[in-house]
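Shown next, in structure tokens, is the structure this report addresses.
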Amino acid sequence: MIHDAFLVAGKDLRLEWRSRVALNQVAPFALLVLVLFAFALDPDRGLLEKATPGLYWVAVLFSGLLALQRSFSIESADGNRDALRLSGLDPAGIFLGKVMAVGVQLLALEILLGIGVAVLYTTPITGWILLLVTAMVATVAIAAAGTLYGVVAAGLRVRETLLPLLLLPVLAPVLIGSTRAFEAALGGTPSEGWPWVGLMGVIAVLYIVAGVFGFGPLMEES
Amino acid sequence: MNWGYVIASWIVAFGALGAYSVATVLRGRRLSKQVPPEKRRWS
Amino acid sequence: MISQTPTEVTGPTSTSSRVTRVLGFLALVSLGVLVLFGLILSPPDASQGEAVRIMYIHVPSATVAYLGCFLTTIGSIVYLWRKSQWWELVAYAGAEVATLFTVITLVTGMLWGRPTWGVYWVWDARLTSTAMLLLLLLGYLAVRRLPADYEVRAKRAAIVGLLLVPNVMIVRKSVDWWRTLHQKPTLLANGLDSKIEGLMLFSLFTGFIAISLVFGWLIVHRFRLAWLEEQVESEGLDLAIAERRAEALVGEVAP
């Protein structure tokens, strides 16, 4: 299962690297969102600084959504779904592999956005450990839920509109949690952030378990 | 003094339930005609 | 169009049956009792005034909305486990009826909030999580109503339905923390449970009975309707093929 997961993750990341869509389109979009927030919220009034954690995670969610759409539109083209199903790989392994690939892309996006936020919004950072752990746990949660719902929406004509409707309400707790934890890490008291990390951990585990068991039946269908 | 809100919310609730019920029953009648009787087993 | 054959019609001609007629009659009677006690006989509340009368619908609606969500999750689990269409249709009926009651809960809640708090909406934990519940239900319904084969729709919707209750619980928890870490516990806490007695309690109790009966009646009808919808769809496919064939024949005759 783990071996299959690495195989699928490697394949997805190689595909992504070759096509460079994430690099050439999703990453610039993420930066664009940051600039748009600065236009919407006047930077001189301190609003931007106060809202930074929330804006950061909203930007991650929206650009991550684009990356997810992208990774499933590759999959449904050319009957790739059938190929994966016939390949004899463990469905749970395929799911975990996809989660890993999406997670790596999300992490890259988060690093990019983090640099962007630090430079553009000049935010002081106090709790480094909390910041990093929050980012990791939130990434796993977003990637796991995103992959599961991505497969639910995959291969349908309406998938571009369906995926956000399914995914964003489910990720609302992750948005709340990661934002509060970041607030605690950026100039707050870091100890307030840890319960949120725990909650996001629960979400991550729930979706990984649901994916490992639900992926098989989802792949079976025609 | 708040009777307006009370009446409005009761009307909304009863109206929504009534409209949905009528729609469901009418649609059920219409579809029943299209399904052979042996597929409708409740009585 | 189809049933032109003069066979004896043994099946019922609607989604009602003796059970639903009895259920519907009881629901109507209890709704009448609810109007009598909720709007006329019960006194206004000491702190909320007349607005407390909204609660007699609002609280039971919220309860049966959650009940519908449980039906959806249980139905989805059994469908995934046993491939039972019966349970899949229960899940679908539960979700749609739950959506209706969630909307009623939200609207009556807002109409209660305006006279009580002075605004239609506050970012209170319960209000926010109810709004999120509505969005989660709409997501399930969107998948269930996809224009696709029954198998595809049902299986994908079942995955979403399976996660419905866990999601509702997580959203609830997170929204609770989100609010309570920053301000005092919910505004609703001093709303209903403060001092409730006699006729008011009886009105609320009647509300629970009436709304539960309506819920049960709707679930049965919606379930049967869903069954009919699936039958028509599989029938319709045969019919469409026959019609297309007839069209093709007509086309050949035309010059």
Side-chain angles (χ1 to χ4, degrees), chain B, chain C residues 1-3 7-20 24 27 31 34-35 38-39 44 48-54 56-58 61 96-97 100-101 103-105 107-116 211 214 217-218 220-222 224-225 227-229 231-232 235-236 239:
Chain B
M1 59 186 269
N2 294 324
W3 273 104
Y5 294 104
V6 175
I7 298 299
S9 61
W10 280 59
I11 287 177
V12 166
F14 279 57
L17 288 177
Y20 181 79
S21 308
V22 169
T24 306
V25 168
L26 288 184
R27 199 164 140 70
R29 291 218 172 130
R30 199 157 47 75
L31 291 185
S32 286
K33 288 184 193 132
Q34 299 178 32
V35 175
E38 68 272 12
K39 294 267 180 77
R40 293 176 259 132
R41 286 167 303 186
W42 53 84
S43 60
Chain C
M1 191 187 292
I2 311 166
S3 58
T7 48
E8 74 285 18
V9 180
T10 49
T13 55
S14 70
T15 47
S16 36
S17 62
R18 187 178 297 153
V19 176
T20 61
L31 282 177
L34 176 61
V35 169
L39 287 183
Q48 296 175 46
E50 307 290 354
V52 73
R53 299 181 197 283
I54 297 174
Y56 304 144
I57 308 181
H58 174 79
S61 297
E96 198 175 288
V97 176
L100 175 71
F101 278 106
V103 171
I104 290 175
T105 306
V107 174
T108 53
M110 281 156 75
L111 287 168
W112 180 83
R114 184 72 176 85
T116 314
I211 296 290
V214 173
W217 185 84
L218 280 174
V220 176
H221 273 281
R222 191 61 189 85
R224 288 175 179 169
L225 180 58
W227 164 260
L228 289 175
E229 280 167 356
Q231 298 307 316
V232 167
E235 290 269 322
L239 195 72

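Computation of the quantities below employed the complete heavy-atom set of this structure, encompassing side-chain atoms and omitting hydrogens, waters and symmetry-equivalent molecules. Proteins come first, then strands; the chains are lettered A, B, ... in the order of their sequence lines, and each starts at number 1.
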Within the side chain of C:Thr20, is there an N or O that forms a donor-acceptor pair under 3.5 Å with the backbone of C:Ser17?
yes

Top residue by heavy-atom pair count (under 4.5 Å) with chain B, among C:Ile54, C:Ile104, C:Thr108, C:Val97?
C:Ile54

Pick one of side chain, backbone, both or neither for B:Val12, based on which atoms fall under 4.5 Å of a heavy atom in chain C.
side chain

Output the distance between atom OG (B:Ser21) and atom CG (C:Leu100), rounded to the nearest 0.5 Å.
8.0 Å

How are the rings of C:His221 and C:Trp217 set to each other: parallel, tilted or perpendicular (split at 30° and 60°)?
tilted

Report which part of C:Val35 has an atom under 4.5 Å of a heavy atom belonging to chain B: side chain, backbone, both, or neither.
both

We want to know whether C:Glu50 and B:Tyr5 form a side-chain donor-acceptor pair, criterion being a heavy-atom distance below 3.5 angstrom.
no

Which residue out of C:Gln231, C:Arg222, C:Arg53 racks up the most heavy-atom pairs below 4.5 Å with chain B?
C:Arg53

